[in-house]
S.K.: 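Encoded as structure tokens, here's the structure I'll be asking about.
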Amino acid sequence: MNNASLVKSLGKEWSMILAGTALVALAYYLFMQPNEITAPGLGGVAVLLGYFLPISLGLIYFLLNVPLFLLGYRFVGRRFVVNSLVGMVSLSLFLWVFSFLPGWHQPLAGVLLGGIVSGAGIALVLRAGGTTGGVDIACVVLNKIWPAATIGKMMIAMNALIVIASWLVSDMLHSIFTLLSLVVAGKAVDMFLVWGQRNRGEQQAEAGTTG
């Protein structure tokens, strides 16, 4: 691939990653945070460990991410790691930019819309060949090793374990809301990934027909 093609390809991927992480951040502030639905993932693990370790959450989160990025490099590749770094940084940026937004205080909306919108955003990032870091990397690596398990199902299983563990430090009602939301998000990820693959296949078929 020449330099011009590489730049064009990276530009397309990073644009998709920016759009996806913006959706994830919007879902968090508009639907999840107002209804006390915890954003699952490695952040939840960091919070749990923070109750037992005398170091900052930022440092814990960084240390947890290091082995996951190394695994991503080993099993998926350098470009995946670069795109995942872009995803992690852009998500942090959008979480800062959108922090002023008012939310919708309705638990059902938080569970359904929060799950669907965040799932769509994560799927967009995955289609661009990246992740938002953390548990998402582990899910992509496991999917490479065990293709029978979809990325969405992996996310549901791993995040469910994290949320169940969080019952030690949070109330059960909001943990149940979080569990329901992550199930919706996982299903949405698989649905949007399949839809994207189908559209790409149709476009390639049309290009082959007209070529």
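A quick note: this is a predicted structure, and the numbers were derived from the prediction, not measured.
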S.K.: Within the 4.5 Å heavy-atom criterion, are Ile17 and Ser90 side-chain neighbours or not?
M.R.: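 Yes, at least one pair of side-chain atoms sits under 4.5 Å.
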S.K.: Hey, are the side chains of Thr150 and Lys153 touching, using non-hydrogen atoms and a 4.5 Å cut-off?
M.R.: yes
S.K.: Counting N and O atoms only, with roles assigned by atom type, does the side chain of Asn35 sit under 3.5 Å from a partner on the main chain of Gln106, one being a donor and the other an acceptor?
M.R.: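 Checking the backbone N and O of Gln106 against the side chain of Asn35, a donor-acceptor pair under 3.5 Å is found.
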S.K.: Are Leu23 and Trp104 joined in one hydrophobic group, where the rule is that I, L, V, M, F, W and Y side chains link up if heavy atoms are under 4.5 Å apart?
M.R.: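 Same hydrophobic cluster.
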S.K.: If I compare all heavy atoms of Gly133 with all of Asn65, which pair ends up nearest, and what's the gap?
M.R.: C-OD1, 4.0 Å
S.K.: Are Val163 and Val189 in one and the same hydrophobic cluster, where Ile, Leu, Val, Met, Phe, Trp and Tyr link if side-chain heavy atoms are under 4.5 Å apart?
M.R.: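 Looking at the clustering, Val189 is in the same group as Val163.
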S.K.: Hey, what do you get for CD1 (Ile156) to CG (Leu161), rounding to the nearest 0.5 Å?
M.R.: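 Spacing of CD1 (Ile156) from CG (Leu161) equals 12.0 Å.
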S.K.: Could you check whether any side-chain heavy atom of Leu95 comes within less than 4.5 Å of a side-chain heavy atom of Tyr29, counting everything from C-beta outward?
M.R.: yes
S.K.: May I ask you to test the Met155-Ile151 pair for a side-chain heavy-atom distance under 4.5 Å?
M.R.: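 Yes; the side chains approach each other to less than 4.5 Å.
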S.K.: Heavy-atom distance under 4.5 Å between the side chains of Met158 and Leu142, does that happen here?
M.R.: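 Of all side-chain heavy-atom pairs linking Leu142 with Met158, at least one is under 4.5 Å.
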S.K.: Output the distance between atom CE (Met154) and atom CG (Asn159), rounded to the nearest 0.5 Å.
M.R.: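 With rounding to 0.5 Å, CE (Met154) is 12.5 Å from CG (Asn159).
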S.K.: When you group the ILVMFWY residues by side-chain heavy-atom contacts below 4.5 Å and let the links chain together, are Leu126 and Met16 in the same group?
M.R.: no
S.K.: Examine Ile164 and Leu180 and state if one hydrophobic cluster contains both, with Ile, Leu, Val, Met, Phe, Trp and Tyr joined whenever side-chain heavy atoms are less than 4.5 Å apart.
M.R.: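 Same cluster: Ile164 reaches Leu180 through Ile, Leu, Val, Met, Phe, Trp or Tyr contacts under 4.5 Å.
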S.K.: Nearest 0.5 Å please: distance from the CD1 atom of Ile176 over to the OG atom of Ser181.
M.R.: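 Interatomic distance, Ile176 CD1 to Ser181 OG, rounded to 0.5 Å: 13.5 Å.
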S.K.: Hey, does the side chain of Ser9 reach the backbone of Ser5 with a donor-acceptor pair shorter than 3.5 angstrom?
M.R.: no
S.K.: I'd like to know if the side chain of Ser84 reaches the main chain of Thr131, judged simply by a donor and an acceptor atom lying under 3.5 Å from each other, with no hydrogens or angles considered.
M.R.: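 At least one qualifying donor-acceptor pair exists.
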S.K.: Does Arg79 come within less than 4.0 Å of Glu13, counting only side-chain N to carboxylate O?
M.R.: yes
S.K.: For a quick test of reading the model, state the closest non-hydrogen atom pair linking Ala27 to Ser118 and the distance between them.
M.R.: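 Shortest heavy-atom separation between Ala27 and Ser118 comes out as CB-N, 3.7 Å.
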S.K.: Flag yes if Leu18 and Leu101 sit in one hydrophobic cluster, no otherwise; membership is Ile, Leu, Val, Met, Phe, Trp, Tyr, and two members link when side-chain heavy atoms are under 4.5 Å apart.
M.R.: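 They do share one cluster, since a chain of ILVMFWY contacts under 4.5 Å joins Leu18 to Leu101.
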S.K.: Output the distance between atom CG (Leu113) and atom CG (Leu26), rounded to the nearest 0.5 Å.
M.R.: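 Here the interatomic distance stands at 12.5 Å.
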S.K.: Give, for atom CD1 of Ile122 and atom CG of Leu193, the distance between the pair rounded to the nearest 0.5 Å.
M.R.: 10.0 Å
S.K.: Can you label the angle between the Phe98 ring and the Phe94 ring as parallel, tilted or perpendicular, going by 30° and 60°?
M.R.: parallel
S.K.: Check the pair Asn83, Trp14 against side chain to side chain contact (heavy atoms under 4.5 Å, CB included), reporting the backbone distance first and the verdict last.
M.R.: CA-CA 7 Å; Asn83 283 350; Trp14 290 0; 2.8 Å; yes
S.K.: For Ser175 and Leu179, what are the C-alpha separation, side-chain angles and deciding distance, and is it a side chain to side chain contact (heavy atoms under 4.5 Å, CB included)?
M.R.: CA-CA 6 Å; Ser175 293; Leu179 275 173; 5.7 Å; no
S.K.: Within the 4.5 Å heavy-atom criterion, are Ile137 and Phe80 side-chain neighbours or not?
M.R.: yes
S.K.: Side chains of Thr132 and Met88: does their closest heavy-atom pair fall under 4.5 Å?
M.R.: no
S.K.: So, do Pro107 and Phe177 sit near enough that their side-chain heavy atoms are less than 4.5 Å apart?
M.R.: yes
S.K.: Might you confirm whether atom CZ of Phe69 has over 12 heavy atoms from other residues, nucleotides or ligands at distances under 6.0 Å?
M.R.: yes
S.K.: What pair of heavy atoms forms the shortest contact from Ile37 to Tyr28, and how long is it?
M.R.: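 Minimum heavy-atom separation between Ile37 and Tyr28: O-CE1, 4.5 Å.
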S.K.: Nearest 0.5 Å, please: how far is CZ in Phe192 from CD1 in Ile116?
M.R.: 7.5 Å
